[in-house]
Amino acid sequence: MDQMTGFASALTRLESALDKLERAAGGVHDAGEALTELEALRHKHRRLKDSTERAVADLDALIASRS
């Protein structure tokens with residue numbers, strides 16, 4: 001379960017970083033660079049979320065197989 005807490009914490013931190021970056025992008029002179037960074041972070045967020053969902057599904061299947 002510690003690993004799941006770590007995933008949830010990482011997702012929360014990444015979502016917070018995305019929000020901060022979006023707010024900061026409004027005042028950046030080179031908006032293109034900020035938007036590129038934002039898209040990179042969104043892609044990382046999607047990969048982490050997908051990985052977390054797969055891990056949860058695997059854990060659910062393992063728990064179900066032990067019942």
Side-chain angles (χ1 to χ4, degrees):
M1 275 326 247
D2 289 334
Q3 193 174 27
M4 293 309 300
T5 302
F7 282 134
S9 178
L11 282 172
T12 299
R13 288 192 312 271
L14 189 52
E15 287 171 346
S16 176
L18 286 170
D19 289 341
K20 288 177 186 177
L21 188 57
E22 284 184 64
R23 286 192 302 273
V28 173
H29 294 295
D30 186 0
E33 184 177 322
L35 290 175
T36 299
E37 182 66 20
L38 177 60
E39 285 305 311
L41 283 173
R42 282 186 174 148
H43 181 70
K44 288 178 186 178
H45 177 261
R46 280 191 299 272
R47 284 193 339 241
L48 180 58
K49 183 179 177 195
D50 291 345
S51 176
T52 301
E53 289 172 350
R54 284 191 304 271
V56 168
D58 290 345
L59 284 172
D60 285 345
L62 181 61
I63 290 168
S65 72
R66 303 267 175 153
S67 297

### Query
Got a sec, which residues hit side-chain hydrogen bond (donor to acceptor under 3.5 Å, both in side chains) with Arg66, two or more places apart in sequence or on another chain?
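Here no residue qualifies.
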### Query
For Glu15, which residues count as a side-chain hydrogen bond (donor to acceptor under 3.5 Å, both in side chains) partner, sequence neighbours excluded?
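Partners of Glu15 by the side-chain hydrogen bond (donor to acceptor under 3.5 Å, both in side chains) criterion, ordered by chain and then number, come out as His45.
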### Contact list for residues 45-55, test salt bridge (charged side-chain N to carboxylate O under 4.0 Å, His left out), sequence neighbours left out
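Matches after skipping sequence neighbours: none remain.
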[atom1] of [X] to [atom2] of [Y]: how many Å apart, nearest 0.5 Å?
X	Y	atom1	atom2	result
Leu14	Leu48	CG	CG	6.5 Å
Thr36	Leu41	OG1	CG	11.0 Å
Ser65	Asp60	OG	CG	11.0 Å

